[in-house]
Amino acid sequence: QVNLVESGGGSVQPGGSLRLSCEASGDVNSSNCMGWFRQAPGKEREGVAAINAGSGGSKFYPTSMKERITISRDNAKNSVFLQINDLKSEDSATYFCAVAMGRCYATSAFSPATYQHWGQGTQVAVSS
């Protein structure tokens, strides 16, 4: 059993920044790939970032967002973080943390099917 708890969402003005956090507990270890997804009302869930384990673990970002986001993790605390800068209205969504029972690869990091465990999500609202 794996439990994921996200935090750090909220309301922010365009151009602002947020740092989302996710803490995993249960049957999870530092070898798991951890990722962030988001889903806006009426839209499909999309991958935002993913990170493999280990110091210098490979990171994956969608091309459209890679200049504004940074994913990091603290393996000792089974936690993953997402820094989003220069927030835009289109970033408004519920953000989900996810854990995969293995490594991520460029071809799989943004596929929801890669991940076996999901958090409940934290909402981000960007408006002026």
Heavy-atom count check: over 12 atoms from other residues, nucleotides or ligands less than 6.0 Å from Lys88 NZ? yes
For Val12, which residues count as a side-chain contact (heavy atoms from CB on, under 4.5 Å) partner, sequence neighbours excluded? Leu18, Leu87, Val126
Contacts of Lys66 that satisfy salt bridge (Lys or Arg N to Asp or Glu O under 4.0 Å) - sequence neighbours left out: none
Mind checking side-chain contact (heavy atoms from CB on, under 4.5 Å) for Ser7 and listing every partner two or more places apart, or none if nothing turns up? Ser21
Cluster link Ile71 to Val48, ILVMFWY, side chain under 4.5 Å: yes
Pairwise distance CG(Asp91) to CD1(Ile69) - rounded to 0.5 angstrom: 9.0 Å
Do Val99 and Asn78 have side-chain heavy atoms sitting under 4.5 Å apart? no
Of all residues at least two apart in sequence or in a different chain, which pass the salt bridge (Lys or Arg N to Asp or Glu O under 4.0 Å) check with Asp74? none
Tyr95 meets the ring-ring contact (aromatic ring centres under 6.0 Å, His included) criterion, sequence neighbours left out, with none
Checking Gln83 now: which residues fulfil side-chain hydrogen bond (donor to acceptor under 3.5 Å, both in side chains) with it, not counting sequence neighbours? Asn85
Does atom CD (Gln116) have a neighbourhood of more than 12 heavy atoms from anything else shown, all under 6.0 Å? yes
When rounded to the nearest 0.5 Å, the distance separating CD of Gln123 from CG of Leu20 is 12.0 Å
Apply side-chain hydrogen bond (donor to acceptor under 3.5 Å, both in side chains) to Gln39 and list each qualifying residue two or more places apart in sequence or on a separate chain. Arg45
If hydrophobic clusters are built by linking Ile, Leu, Val, Met, Phe, Trp and Tyr wherever their side-chain heavy atoms come under 4.5 Å apart, do Met65 and Leu82 end up in the same one? yes
Write down the atom of Ala109, the atom of Ala50, and the distance for their closest heavy-atom approach. CB-CB, 3.9 Å
Holding to side-chain contact (heavy atoms from CB on, under 4.5 Å), I want the full list of residues that pass it with Ala125, two or more places apart in sequence or in another chain. Ser11
Do side-chain atoms of Ser111 reach the backbone of Ser108 as a donor and acceptor pair under 3.5 angstrom? no
When rounded to the nearest 0.5 angstrom, what distance separates CD in Glu23 from CG in Leu4? 10.0 Å
How would you list all residue pairs meeting disulfide bond (SG atoms under 2.5 Å apart) that involve residues 59-89, not counting sequence neighbours? none
Gap between atom OG1 of Thr94 and atom NZ of Lys43 - 0.5 Å precision: 13.0 Å
Of all the heavy-atom pairs spanning Arg103 and Ser58, show the shortest one and how long it is. NH2-OG, 3.8 Å
Side-chain heavy atoms of Arg68 within contact of Ile84, under 4.5 Å: yes
Under 4.5 Å side-chain heavy-atom separation, chaining through any Ile, Leu, Val, Met, Phe, Trp or Tyr, what else clusters with Phe37? Say none if it is isolated. Phe96, Tyr115, Trp118
Find the distance between CD (Gln13) and OG (Ser128) and round it off to the nearest 0.5 Å. 7.0 Å
For Glu90, does the CD atom have more than 12 heavy-atom neighbours from other residues, nucleotides or ligands under 6.0 Å away? yes
Salt bridge (Lys or Arg N to Asp or Glu O under 4.0 Å) partners for Glu46, two or more places apart: Arg38
Got a sec, which pairs hit disulfide bond (SG atoms under 2.5 Å apart) with one end in residues 60-128, sequence neighbours left out? Cys22-Cys97, Cys33-Cys104
Grouping I, L, V, M, F, W and Y whenever their side-chain heavy atoms are under 4.5 Å apart, do Val80 and Phe110 come out in a common cluster? no
I'd like to check Asn52 versus Phe60 (side-chain heavy atoms, cut-off strictly below 4.5 Å). Are they in contact? yes
Nearest heavy-atom contact between Gly121 and Glu6 is N-OE1, 2.9 Å
